[in-house]
Amino acid sequence: MKAQATALPGVLIITPKKFGDERGFFVETFQAERYRALGIAHEFVQDNHSRSARGVLRGLHFQRNHPQGKLVRVSRGSVFDVVVDINPVSPTYGQHVSAVLSDDNGLQLWIPPGYAHGFCVLSDLADFEYKCTEYYRPDDEGGLLWNDPALAIEWPISDPVLSAKDQRNPTLAELLAEGGE
Ligand SMILES: Cc1cn([C@H]2C[C@H](O)[C@@H](COP(=O)(O)OP(=O)(O)O[C@H]3O[C@H](C)C(=O)[C@H](O)[C@H]3O)O2)c(=O)[nH]c1=O
């Protein structure tokens, strides 16, 4: 397994070891001791799986008072995944990192608690699976507008399918003004 640091503090791109043979492949997608050695010492309390069609964009989301760390991967298809630093006192505030995660490349992203996260789908279908370090709390959800010009995210799609909620997400400046990161 390899891990690569990114421009955002604590955000890692992880390449699990894939064992291929004539039958197919085997991968350990999580192993507490090895991931702890990468600094991922959080306890995971919830696993999620979402399926989306080509052109869907989910995000950018975070939980305000009970932030979730997320270990994310794609088990079918391909997505463009984005993590945004929404901590106003962070030196990388407003910056983002992105990566294409697919069943083919097997990449994972470790997103520590406190970042906003989202992805758009590049394949006909994408199965997005991830482990969370905090429970889902619908009353604690926060959102950030996917195409806020201040973020300068170069999404590879132009007219995504968004939930009604995500269409109404605030910009980073609006979040700061309401003290809502
Ligand atoms: C997130 C979540 C949702 N739900 C229910 C609530 C709704 O009835 C339905 C769809 O929820 P939502 O539209 O918020 O799902 P996503 O747009 O995929 O949200 C996720 O999108 C981005 C990519 C994230 O990083 C977060 O994990 C999460 O915010 O699932 C649950 O029951 N539990 C959950 O943990």
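Computed from a prediction, not measured in an experiment: that's the story for all the values here. Both counts, for ligands and for their atoms, begin at 1 and track the order of listing.
Within a 4.0 Å radius of atom 35 (O) of ligand 1, the protein contributes one or more non-hydrogen atoms. At a distance under 4.0 Å, no protein heavy atom can be found next to atom 9 (C) of ligand 1.
Contacts of Phe128 with ligand 1, taken as heavy-atom pairs under 4.0 Å, are absent altogether. Of the heavy atoms in Val72, none comes closer than 4.0 Å to ligand 1.
For a threshold of 3.5 Å applied to N or O pairs, the pair formed by His61 and ligand 1 contains at least one separation below that value.
Close contacts of ligand 1 with Tyr130, meaning ligand atoms under 4.0 Å from a residue heavy atom, involve 20 (C), 26 (C), 27 (O), 28 (C). Near Lys70, meaning under 4.0 Å from any of its heavy atoms, are these atoms of ligand 1: 24 (C), 25 (O), 26 (C), 27 (O). Atoms of ligand 1 lying under 4.0 Å from at least one heavy atom of Phe119, given by number and element, are 23 (C).
Relative ring orientation between His42 and Trp110 is described as tilted, the plane-to-plane angle lying within the 30° to 60° band. The aromatic rings of Phe30 and Tyr35 are tilted relative to each other, their planes meeting at an angle between 30° and 60°.
Between Arg54 and Asp124 there is a salt bridge, with a side-chain nitrogen of the basic residue lying less than 4.0 Å from a carboxylate oxygen of the acidic one. In this structure, Asp127 pairs ionically with Arg51, as a charged nitrogen and a carboxylate oxygen lie closer than 4.0 Å.
Among protein heavy atoms, atom 6 (C) of ligand 1 sits closest to Tyr136 OH, 3.4 Å. In terms of protein heavy atoms, atom 18 (O) of ligand 1 is closest to Arg58 NH1, 2.8 Å.
Judged purely by atom type and a 3.5 angstrom limit, Gln167 uses its side chain to pair as donor or acceptor with the backbone of Leu162.
Counting heavy atoms from C-beta on, the side chains of His61 and Asp166 come closer than 4.5 Å.
Comparing His117, Lys165, Gln68, Gln46 against atom 14 (O) of ligand 1, the shortest heavy-atom distance belongs to Lys165.
The six-membered or imidazole ring of His117 lies near that of Phe128, with a centre-to-centre distance under 6.0 Å.
Environment of CG in Asp21: crowded, with over 12 heavy atoms of neighbouring residues, nucleotides or ligands closer than 6.0 Å.
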